2 protein chains.
Amino acid sequence: MVRKQTRSGKVRLTEVAKLAGVSPITASRFFRNPDALSLSKRERVESAVKELGYVPNLAARALASHRTEVIGVVIPSLTNSVFADVLRGVYDSSEGSRYSIQLANTRYSILQEERLLRLFRAQKPAGLIVTGINQTAESRAILESMNCPVTQIMEIGDSPVDMMVGFSHYDAAFAAISHILEQGYRRTGFLGARMDPRVQRRFDGYRDAMKAAFLFDPNLVVTTSMPTAVTLGGALFADLLAKAPDIDAVFCVNDDLALGVLFECQRRQISVPRDLAIVGFNDLEFMAAAVPSLTSVRTNRYEMGRHAVTMVIDAIEGRRPEQPVLDLGFQLMVRESSTPHGA
Amino acid sequence: MVRKQTRSGKVRLTEVAKLAGVSPITASRFFRNPDALSLSKRERVESAVKELGYVPNLAARALASHRTEVIGVVIPSLTNSVFADVLRGVYDSSEGSRYSIQLANTRYSILQEERLLRLFRAQKPAGLIVTGINQTAESRAILESMNCPVTQIMEIGDSPVDMMVGFSHYDAAFAAISHILEQGYRRTGFLGARMDPRVQRRFDGYRDAMKAAFLFDPNLVVTTSMPTAVTLGGALFADLLAKAPDIDAVFCVNDDLALGVLFECQRRQISVPRDLAIVGFNDLEFMAAAVPSLTSVRTNRYEMGRHAVTMVIDAIEGRRPEQPVLDLGFQLMVRESSTPHGA
DNA sequence: ACCATTATTGACAGCGCTACCATCGGATTG
DNA sequence: CAATCCGATGGTAGCGCTGTCAATAATGGT
């Protein structure tokens with residue numbers, strides 16, 4: 001029975017209303033605000049919807065209501081597995097809700113970001129999730145003019161456009177370096193790739209922690225604007241060794257680099273952690289499996305994605321969080337690669 | 001000047017038409033089929049669009065035209081970095097086109113896939129990209145009823161719904177095993193996680209290659225339905241060693257497992273490749289960086305994403321490829337982990 | 001020069017839904 | 001019991017765009 005109607009062509013809301021014996025507008029309300037209907041009508045509409053296999057026409061809905069049920073997500077990279085985790089959280093949270101996700105990729109270009117935001121504005125999204133806090137002035141203006149909830153993710157800062165969920169990269173790096181220093185290492189190198197704003201803040205944390213111990217030395221720092229890669233970790237480490245042969249520890253801005261360093265050490269017969277400590281960032285799954293296991297800073301990427309969507313949806317539906325900035329923190333995962341005397 | 005109009009509110013096509021001195025429908029045609037306009041009108045409309053900062057209302061367009069410019073992409077996982085690469089290709093190809101991507105995640109459930117396809121049907125996408133060739137009968141029926149170009153990706157098979165781009169997982173695994181056997185290894189184990197259809201076909205390739213050499217032994221096979229992970233690679237390898245202590249090689253269905261095996265070998269002081277050969281699948285970036293470097297089967301994931309989108313867009317616009325099935329092949333990347341006597 | 005044919009253009013009528021406001025009955029109040 | 005209010009429901013009028021088809025201008029062939 002269902003089948004026949006479905007096949008015969010489109011079922012409109014009018015048909016549903018007719019079958020349920022209500023006006024189209026009442027049937028419409030069934031979807032947008034079911035609580036406003038009396039129980040009897042609600043049931044009749046519901047069964048009519050089921051019987052006819054009605055599927056709302058989203059375009060018509062958007063046109064008539066001047067709203068969409070799309071949440072835009074702007075991230076800088078699809079390659080970086082960090083964002084894969086965030087996206088998993090985003091999609092997990094959006095499933096089951098009425099909202100769908102529209103993804104856009106800036107490739108780490110703030111101009112591209114501006115362009116994408118302009119595109120999004122034309123689509124009138126119900127909410128928006130953007131990465132980081134370093135938007136251009138124009139981008140911020142667009143965001144503020146959009147008149148929809150916005151969540152900035154990955155890091156937190158002082159002047160949210162609207163809401164934020166993230167953590168302090170500075171603090172995380174500072175904590176990692178403090179741990180290294182506590183273990184007795186003095187000459188800790190810094191390896192950085194793709195120096196985006198968040199990586200830059202990790203560097204600041206490194207620098208300040210080292211300076212606080214009067215151990216900062218520019219020769220210990222090797223960075224590149226190239227995108228990160230395991231191979232690159234080995235290469236940067238080789239550069240670092242050339243500049244500062246006496247290093248006894250390396251802080252890598254991400255785990256790929258750290259793995260590359262570990263492999264390079266194996267190649268050069270450098271004993272980890274005896275001759276060299278290695279600390280990474282993000283705590284990807286392989287860090288615990290490596291031999292020796294690699295210390296890292298765990299970041300709650302999946303939760304970031306989940307919360308970002310939840311916060312946006314809540315705000316869309318009028319339930320604004322009392323705390324617009326959510327700090328998800330980080331955990332220092334101390335493992336063999338930085339504990340020469342055991343953990 | 002642009003600014004004032006933009007800010008003042010919505011600019012509709014009517015306004016553009018008025019400024020250009022043409023009828024609204026002519027202005028509309030400027031977007032859908034500019035070649036149908038005379039040069040003078042085209043130029044007038046174009047400059048009016050620019051001057052007013054006109055942005056089309058997609059909802060109205062979709063409602064009036066009964067079409068959208070959305071390409072649906074259905075993949076089984078966001079975690080698996082294999083799909084991250086595919087998605088990169090997908091997004092790269094779609095940028096610059098008029099089409100936008102709508103992503104959906106089945107979590108390896110063909111029932112979820114069915115549900116998602118039903119959702120997509122309601123949205124009338126312009127094209128669709130789905131993963132694999134193992135859809136349910138119902139899913140196939142939906143796909144066929146959708147009346148839009150469909151590309152199946154990741155693998156190829158005999159009865160495409162419409163188009164296909166992928167490679168033979170069977171052949172790839174067969175080639176990998178042939179290489180291992182050529183190197184003189186006899187007892188090659190098989191490690192498999194998340195035995196989805198494509199992984200199953202890799203197993204078939206392994207099994208047949210081993211059988212052809214009269215070396216197949218069920219004790220050499222360890223699989224699990226758990227999702228893949230580096231740690232899991234180590235665990236599965238431990239199981240395998242327990243079942244068959246005399247193995248001299250391991251074929252892993254993906255690179256994460258292979259890396260886990262390598263680490264486990266380091267832990268157990270098993271020399272690779274002298275005591276054990278390791279071969280992975282996909283050729284993620286770290287495989288070349290590992291010590292020893294790890295042999296793998298390179299699959300062209302980024303290109304798969306790119307081609308899938310290109311093929312779908314071409315088909316939407318009436319340029320159907322003469323060859324609906326595109327085999328992107330694979331490359332065996334022979335490295336230290338499987339060449340005891342040097343490469 | 002005339003007619004057939006093709007390139008351009010425009011008028012009209014919706015697409016399917018919801019915003020807005022009006023209505024109506026019943027509960028609440030003094 | 002009238003006045004008031006509120007919750008539930010319906011009528012009307014578009015949202016901004018494009019499909020369809022008719023009208024017109026331009027072109028070419030004889």
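Every chain is numbered from 1 and lettered A, B, ... according to where its sequence line falls, protein lines coming before strand lines. Everything numeric here is computed off the predicted structure, so don't read it as measured data.
- Under the 3.5 Å distance criterion, the side-chain polar atoms of A:Ser81 are left unmatched by any main-chain donor or acceptor of A:Ala84.
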B:Arg44 and B:Val22: CA distance, side-chain angles, deciding distance, side chain to side chain contact (heavy atoms under 4.5 Å, CB included) verdict: CA-CA 9 Å; B:Arg44 265 151 59 199; B:Val22 299; 4.2 Å; yes
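- Each of B:Gly21 and A:Arg67 lies near DNA chain C, and the nucleotide nearest B:Gly21 is the one positioned closer to the 5' end.
- Side-chain contact of B:Gln112 with B:Thr106: a donor-acceptor pair under 3.5 Å is absent, judged by distance alone.
- We find that B:Arg118 and B:Glu114 are joined by a salt bridge, their nearest charged nitrogen and carboxylate oxygen being less than 4.0 Å apart.
- Within residues 35-48 of chain A, no residue has any heavy atom under 4.0 Å from DNA chain C.
- On the nucleic acid side, DNA chain D has its first and last nucleotide under 4.0 Å of a heavy atom of chain B at D:dG16 to D:dG19, going 5' to 3'.
- No side-chain donor from either of A:Arg140 and A:Thr136 sits under 3.5 Å from a side-chain acceptor of the other.
- Between the P atom of C:dA19 and the NZ atom of A:Lys124 lies a distance of 14 Å, rounded to the nearest Å.
- Side-chain atoms of A:Ser94 and A:Ser97 form no donor-acceptor pair, as typed in the model, at a separation below 3.5 Å.
- The aromatic rings of A:Phe31 and A:Tyr54 sit tilted relative to each other, their planes meeting at an angle between 30° and 60°.
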Side chain to side chain contact (heavy atoms under 4.5 Å, CB included) assessment of A:Tyr99 paired with A:Val70: CA-CA 5 Å; A:Tyr99 300 93; A:Val70 170; over 6 Å; no
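- If you check every strand for non-hydrogen atoms under 4.0 Å, A:Arg29 touches a base.
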Criterion side chain to side chain contact (heavy atoms under 4.5 Å, CB included) on B:Arg306 and B:Arg88, from CA distance to verdict: CA-CA 8 Å; B:Arg306 281 203 72 101; B:Arg88 208 158 41 84; over 6 Å; no
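- Remark: B:Arg107 engages A:Glu95 in a salt bridge, criterion side-chain N to carboxylate O under 4.0 Å.
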Could you go through nucleotides 12-15 of chain C and list every protein N or O atom that sits under 3.5 Å from one of its N or O atoms, giving the distance for each pair?
{"residue": "C:dC15", "atom": "O2", "partner": "B:Ala64", "partner atom": "N", "Å": "3.4"}

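- As judged by a 4.0 angstrom heavy-atom cut-off over every strand, B:Phe31 is placed among residues making no nucleic acid contact.
- Nucleic acid contact class of A:Tyr54 (heavy atoms, under 4.0 Å, all strands): sugar-phosphate only.
- When the shell of 6.0 Å around CG of A:Asn147 is examined, it contains 12 or fewer heavy atoms from other residues, nucleotides or ligands.
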